[in-house]
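The structure under discussion appears below in the form of structure tokens.
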Amino acid sequence: MITDRTRELLLSRIRDIADYPKPGVLFKDITPLLADPVAFSALTEVLSAFCESRGATKIVGLEARGFILAAPVAVRAGVGFVPVRKAGKLPGATLAQAYELEYGSAEIEVHAEDLTAGDSVLVIDDVLATGGTAQASLELIRRAGADVAGVAVLMELGFLGGRNRLDGTLRGAPLEALITL
């Protein structure tokens with residue numbers, strides 16, 4: 001799906017920031033990729049092709065960098081965009097899903113009316129790390145009555161085991177990581 005040349009372009013635009021946000025963490029900064037119109041367009045095209053190949057009717061973007069990646073993919077693919085936000089950020093009726101983090105818990109929400117039976121939903125985010133947020137989003141999508149078309153991420157941090165955590169929750173839907181580190 002992604003060519004080696006495109007993968008190399010994307011990887012060359014991801015900057016490593018040592019000791020951010022805390023000592024010992026090597027942060028993968030995608031802002032140089034977003035600032036490069038050629039790289040950002042290439043990323044959008046690859047994700048859009050995956051969306052179309054899966055027959056998605058809506059794209060869910062996970063807060064916050066997932067919004068940046070998912071919205072232009074939805075426009076290019078001609079499908080709806082639905083933001084999944086941290087709890088308390090959406091007005092009106094919402095569906096919520098709690099999940100466990102490495103040190104504590106969190107909750108995400110979606111507008112109750114934005115996903116319905118018959119929707120086929122692709123989840124897009126920048127990074128798959130431990131998989132907690134992605135897993136919660138899949139559960140939220142299904143609780144709304146929609147089907148999961150798949151999950152697509154720019155980067156997968158394979159050493160954190162997110163893919164293994166998602167195995168049962170994917171229920172056969174594909175997980176596409178453009179870059180695995």
Side-chain angles (χ1 to χ4, degrees), residues 1-2 7 10-11 13-15 21 25-34 39-40 42-51 53-54 56 58-77 79-87 89-90 95-102 106-111 114-115 119-142 144 146-167 169-171 173-181:
M1 171 169 158
I2 183 172
R7 183 176 286 112
L10 299 177
L11 193 54
R13 301 305 189 271
I14 298 170
R15 176 176 52 181
V25 173
L26 182 62
F27 184 78
K28 298 295 185 179
D29 180 18
I30 67 167
T31 58
L33 186 155
L34 300 173
F40 194 19
L43 173 60
T44 301
E45 186 60 40
V46 168
L47 292 174
S48 177
F50 183 66
C51 173
S53 75
R54 298 301 309 152
K58 294 206 176 140
I59 293 177
V60 156
L62 303 182
E63 188 166 339
R65 289 180 298 270
F67 296 173
I68 299 167
L69 304 184
V73 172
V75 170
R76 186 167 285 176
V79 301
F81 168 72
V82 178
V84 169
R85 307 265 345 241
K86 295 174 185 171
K89 301 289 185 180
L90 292 171
L95 293 174
Q97 182 69 44
Y99 63 101
E100 295 302 313
L101 297 168
E102 187 175 354
E107 190 174 44
I108 56 174
E109 295 179 331
V110 65
H111 274 133
D114 287 349
L115 298 174
D119 284 331
S120 181
V121 182
L122 175 65
V123 176
I124 293 181
D125 205 3
D126 65 327
V127 175
L128 176 64
T130 62
T133 307
Q135 183 179 39
S137 72
L138 297 177
E139 292 168 2
L140 194 58
I141 289 163
R142 290 192 177 105
D147 295 321
V148 174
V151 175
V153 296
L154 170 59
M155 290 179 287
E156 177 181 357
L157 305 180
F159 58 93
L160 292 177
R163 184 176 291 267
N164 292 337
R165 182 175 183 170
L166 288 181
D167 271 346
T169 311
L170 283 167
R171 298 184 197 163
L175 168 58
E176 179 71 23
L178 304 183
I179 298 168
T180 301
L181 303 170

### Task
Mind checking the CG-CZ spacing from Asp125 to Phe67? Nearest 0.5 Å is all I need.
9.5 Å
### Contact summary for Gly131 and Leu166, nearest pair of heavy atoms
O-CD2, 3.7 Å
### Any Ile14 side-chain heavy atom under 4.5 Å of Leu154 side chain
yes
### Message
Contact between Gln97 and Ile108 at the side-chain level, heavy atoms closer than 4.5 Å - yes or no?
### Response
yes
### Contact check, side chains of Val60 and Leu140, non-hydrogen atoms, under 4.5 Å
no
### Task
Please report the closest heavy-atom contact between Leu62 and Ser137, naming both atoms and the distance.
CD2-CB, 3.6 Å
### Message
Walk me through whether Lys58 and Val79 qualify under side chain to side chain contact (heavy atoms under 4.5 Å, CB included).
### Response
CA-CA 5 Å; Lys58 294 206 176 140; Val79 301; 5.6 Å; no
### Task
Assess whether side chain to side chain contact (heavy atoms under 4.5 Å, CB included) is satisfied between Leu69 and Leu34, documenting all intermediate values.
CA-CA 9 Å; Leu69 304 184; Leu34 300 173; 3.9 Å; yes
### Query
Which atom pair, heavy atoms only, marks the closest approach of Ala152 to Leu122?
N-CD1, 4.1 Å
### Query
CE/Met155 to CZ/Arg65 distance, rounded to the nearest 0.5 angstrom?
7.5 Å
### Task
Please report the shortest heavy-atom distance between Ile59 and Ala70, naming the atom on each side.
CG2-CB, 3.6 Å
### Message
Quick check: do Leu178 and Leu47 have side-chain heavy atoms less than 4.5 Å from each other?
### Response
yes
### Query
Does a side-chain heavy-atom distance below 4.5 Å link Val82 with Val121?
no
### Query
Atom CZ of Arg142 and atom CG of Leu95: how far apart are they, to the nearest 0.5 Å?
15.0 Å
### side chain to side chain contact (heavy atoms under 4.5 Å, CB included) evaluation trace for Leu11 with Leu181
CA-CA 10 Å; Leu11 193 54; Leu181 303 170; 4.2 Å; yes
### Query
Roughly how far apart are Ile124 CD1 and Phe81 CZ, rounded to 0.5 Å?
9.0 Å
### Task
Under the side chain to side chain contact (heavy atoms under 4.5 Å, CB included) rule, collect the residues that match up with Val25, sequence neighbours excluded.
Pro21, Lys22
### Query
Are any non-hydrogen side-chain atoms of Phe50 and Val46 less than 4.5 angstrom apart?
no
### Query
Who are the salt bridge (charged side-chain N to carboxylate O under 4.0 Å, His left out) partners of Glu109, not counting sequence neighbours?
none
### Non-hydrogen atoms of Ala149 and Ser120 that approach each other most closely
CB-OG, 3.3 Å
### Task
Any chance you could measure Arg13, atom CZ, to Leu33, atom CG, to the nearest 0.5 Å?
8.0 Å
### Message
Would you say that Val148 contacts Thr169 through its side chain, given a criterion of any heavy-atom pair below 4.5 Å between the two side chains?
### Response
no
### Message
According to side chain to side chain contact (heavy atoms under 4.5 Å, CB included), who are the partners of Arg7, at least two apart in sequence or on a separate chain?
### Response
Ile2, Asp4, Ile179
### Query
After noting the C-alpha distance and the side-chain angles of Glu176 and Arg54, does the key distance pass the side chain to side chain contact (heavy atoms under 4.5 Å, CB included) rule?
CA-CA 11 Å; Glu176 179 71 23; Arg54 298 301 309 152; over 6 Å; no
### Summary
Tightest non-hydrogen contact, residues Arg165 and Glu100, listed as NH2-O, 3.4 Å
